[in-house]
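In what follows, a structure is listed as structure tokens, so that the remarks can point back to it.
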Amino acid sequence: MEATELLKKHNLRKTATRTEVLKEYLSAGKALSHAELESKLGEHFDRVTLYRTLNSFEEKGLLHKVYDETGTVRFSLCSDHCDVSSHEDDHVHFHCTKCGNSYCLDLPIPEMNLPKDLMINDVYMVANGICKTCQRA
Ligand SMILES: [Zn+2]
Ligand SMILES: [Zn+2]
Ligand SMILES: [Zn+2]
């Protein structure tokens with residue numbers, strides 16, 4: 001789906017910043033942090049506007065957070081099933097310990113028998129390793 005369509009689907013008004021940011025995520029094929037996004041877009045983008053854009057994208061079900069062992073928070077494109085009421089990004093993420101990139105894997109987090117007396121909101125699963133690009137380098 002294209003940026004314009006995605007914004008429409010998620011009831012977001014089309015702005016230049018939103019379109020640009022979404023295009024970066026659509027073409028990146030990996031998770032991008034705020035800093036990575038900023039360096040891709042260039043300095044003419046206002047920092048605060050970018051923060052707000054990322055937050056509203058997360059709120060509306062366009063992007064979800066991706067965590068790794070270094071503590072860097074990145075965002076990645078959501079599946080078609082995410083919307084403003086719920087995120088369904090319960091898949092495994094991959095983190096390359098060499099280049100630091102993170103990706104969504106098309107692999108659901110396996111069912112676990114979590115303790116019944118705990119209130120669990122989210123479960124994250126990260127596979128650490130070396131990505132294909134770094135294996136070739
Ligand atoms: Zn989502
Ligand atoms: Zn890598
Ligand atoms: Zn993901």
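In each ligand, atom 1 is the first atom listed, and ligand 1 is the first ligand listed.
Note on H81: not counted as a metal contact of the Zn ion (ligand 1), no N/O/S atom lying under 2.8 Å. Contact annotation: E58 places no N, O or S atom under 2.8 Å from the Zn ion (ligand 1). Metal site remark for the Zn ion (ligand 1): C82 contributes an N, O or S atom at a distance under 2.8 Å. None of the N, O or S atoms belonging to C78 lies under 2.8 Å away from the Zn ion (ligand 3).
The SG atom of C96 and the SG atom of C99 meet at the Zn ion (ligand 2) at an angle of about 100°, given to 10°. Centred on the Zn ion (ligand 3), the NE2 atom of H64 and the SG atom of C104 lie at an angle of 110°, reported to 10°.
At a threshold of 4.5 Å between non-hydrogen side-chain atoms, the residues L77 and L22 count as touching. For the pair V84/H10, no side-chain contact is recorded, criterion being any heavy-atom separation below 4.5 Å from C-beta on.
Looking at D89 and the Zn ion (ligand 1) together, the shortest N, O or S contact belongs to OD2. When you scan the N, O or S atoms of H87 for the one nearest the Zn ion (ligand 1), you land on ND1. The Zn ion (ligand 3) is closest to atom NE2 of H91 (considering only N, O or S atoms).
Here K9 does not pair with D83 in a salt bridge; the nearest charged N to carboxylate O distance is not below 4.0 Å.
Under the 30°/60° scheme for interplanar angles, the aromatic rings of H34 and Y51 are found to lie parallel.
One side chain, H93 or H91, offers a donor N or O that lies under 3.5 Å from an acceptor on the other.
Between V73 and S33, the shortest heavy-atom distance links the atoms O-CB, 3.5 Å. Between K65 and F75, the shortest heavy-atom distance links the atoms CG-CE2, 3.7 Å.
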